[in-house]
2 protein chains.
Amino acid sequence: MVLFANERMDATGMGYQDQVFAQREQLLLTTARELFLAHGWEQVSVARVAEAAGIGKGTVYRHFPTKEAIYAQLVLAFSRRCLETYRQMPAEANPLLTMHRIIRRAFDLMNANRMEVQLCLHCERPEFQDRLDDAYRARFRELDQDYFDLFNGLAGEAVAGGLLKLGSVEEVHSGVETAFHGVMTRIAIGGFGACYGPETMESYFDHVADFLMAGIVGTSQDAWKRGIALCRT
Amino acid sequence: MVLFANERMDATGMGYQDQVFAQREQLLLTTARELFLAHGWEQVSVARVAEAAGIGKGTVYRHFPTKEAIYAQLVLAFSRRCLETYRQMPAEANPLLTMHRIIRRAFDLMNANRMEVQLCLHCERPEFQDRLDDAYRARFRELDQDYFDLFNGLAGEAVAGGLLKLGSVEEVHSGVETAFHGVMTRIAIGGFGACYGPETMESYFDHVADFLMAGIVGTSQDAWKRGIALCRT
DNA sequence: TGCCATCGTGACCGCTGGTCATGATGTGAC
DNA sequence: GTCACATCATGACCAGCGGTCACGATGGCA
């Protein structure tokens, strides 16, 4: 029986060989992660990962159908870890503040895991997803849905509390989602160009998080359209 | 004399051979672009580009030091074309509306050139830039500066017109820049997941552009911090 | 102990980006 | 016209990649 990708890592109902297999898969993933971190995931060959893990190259392919599946597994693990973190964060005084806190925390989490963020963006591309096994693809979709639910939960509370207009939720989601991807890309790029940019990544994150909240609140108030119309050039 | 990358394409001061060389370079770029569009830039080999252009593989490397330099050249050309479009757009009634128009136009331009957007993101990564020749790197920096200047021009006008607080310019820049990258990433990804997303890309762009303006105006007013504080959960 | 199923393995494959010795070609002097 | 030279296009060639698979080691069961 082949167990791809640490599903059912609990030892119950597993034969000894299965446990050895699962352990080796974990070793493989951590080894790959270390090498990817040290040398960049595109520069690290499967053979090198195998060697570093003290395992034959062919064995790697008993665990993962392709090198890209290793990427996918690392991304899924990271993404799940993040989601769990967000879920366990305490609610603030109101849902928009909670959202602000989660967003700000997400930026820090992603910034501390640049390689995973790069892989995330890489794995989201349809060219990548199309090449992927159905099983992996399903897990990505599931996570997408979980994140969407998390957002909708908070947005729903905000609507219920009169902080957000129901009609603005979709626009706000677009904005938040876009800012997320923007920050991910900034992190993946690895900082700012020579000619501009804030002092530190932290202040950049603060700016974007605040900007986002301004957008969320402003969107529901339609303030900018009225505001701008009143001003002269 | 070797002329990399269509600098000085004007025929003056060029020998016949130089013109042939420059023409072939252009042919090479358009051929590469077509193949990249049709099959994805990662799946197209240099040999295939050469064959499609009716040129020996070795000759490709007389024009571009690496395959990545072809990417860079396509990106630079696209990015310059976009910048020129933005610069030639007429000023609206006030600078923030002009900015809105430019942003919205940029989204459409990028959406119509997905492959170039993907390459843009690929080329911005430091791993890529580090491998690149100094000459190419310098051109990227120059373009970055030009885009920054474009933003600063409009932001400066907005500040002068009282539409924006001087102290908010950096935060607004962070927000706009982040949204740009977010939209680029969304385009590069190629749409939305199964479980959410607006009806069309156009309405998504509208949402993000409007959300951005709300953020720009809201940031200068510090409205959200006061607004949220007043609301109960 | 001996048999058999299972699984780890590295030689092997097709292909990639990149190099370079070689031969073709255009050019200027006479 | 022609010859000698410099220049440049070329594809055979290379190391390395992701991925495969026949085979031999291994471990469990009768």
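A note on names: the letters A, B, ... follow the listed sequences, proteins ahead of strands, and every chain is numbered from 1.
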Between atom [atom1] in [X] and atom [atom2] in [N], what is the gap in whole Å?
{"X": "B:Arg24", "N": "C:dT25", "atom1": "CZ", "atom2": "P", "value": "14 Å"}
{"X": "B:Gln23", "N": "D:dA9", "atom1": "CD", "atom2": "P", "value": "14 Å"}
{"X": "B:Ile55", "N": "D:dC8", "atom1": "CD1", "atom2": "P", "value": "15 Å"}
{"X": "B:Glu51", "N": "D:dA12", "atom1": "CD", "atom2": "P", "value": "13 Å"}
{"X": "A:Ile70", "N": "D:dC17", "atom1": "CD1", "atom2": "P", "value": "14 Å"}
{"X": "A:Phe21", "N": "C:dC7", "atom1": "CZ", "atom2": "P", "value": "8 Å"}

For a quick check of understanding: with a heavy-atom distance under 4.0 Å over all strands, which category does B:Arg48 fall into, base, sugar-phosphate or nothing?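 Nothing: the residue B:Arg48, judged by heavy atoms under 4.0 Å, touches no strand.
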Atom pair SG (A:Cys123) and CD (A:Gln73), whose distance is rounded to the nearest 0.5 Å: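 Spacing of SG (A:Cys123) from CD (A:Gln73) equals 10.5 Å.
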Is there any salt bridge (charged side-chain N to carboxylate O under 4.0 Å, His left out) pair reaching into residues 26-51 of chain B, and which pairs are they, with sequence neighbours excluded?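 For residues 26-51 of chain B: A:Arg125-B:Glu42, B:Arg33-B:Glu116.
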Check this for me: does any side-chain nitrogen of one of A:Glu124 and A:Arg141 sit under 4.0 Å from a carboxylate oxygen of the other?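 A salt bridge is absent here (no side-chain N lies under 4.0 Å from a carboxylate O).
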Going by an N to O cut-off under 4.0 Å, is there a salt bridge joining B:Asp134 and B:Arg137?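 Looking at B:Arg137 together with B:Asp134, the answer is yes, because their closest N to O distance falls below 4.0 Å.
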Go through the structure and list residues passing ring-ring contact (aromatic ring centres under 6.0 Å, His included) with B:Phe148, not counting sequence neighbours.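 Testing B:Phe148 for ring-ring contact (aromatic ring centres under 6.0 Å, His included), a comparison that skips the adjacent residues, returns A:Tyr196, B:His173.
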Report all interatomic pairs (protein N or O, nucleotide N or O of nucleotides 16-20 of chain C) with separations under 3.5 Å.
from	atom 1	to	atom 2	distance (Å)
C:dG17	OP1	B:Lys67	NZ	2.8
C:dG17	OP2	B:Val46	N	2.9
C:dG17	N7	B:Lys57	NZ	3.3
C:dG18	OP2	B:Tyr61	OH	3.2
C:dG18	OP2	B:Lys67	N	2.6
C:dG18	N7	B:Lys57	NZ	2.9
C:dG18	O6	B:Lys57	NZ	2.3

For A:Phe36 and A:Tyr71: C-alpha separation, side-chain torsions, deciding distance, then whether ring pair (Phe, Tyr, Trp, His ring centres under 6.0 Å) applies. CA-CA 10 Å; A:Phe36 290 174; A:Tyr71 298 161; 5.7 Å; yes
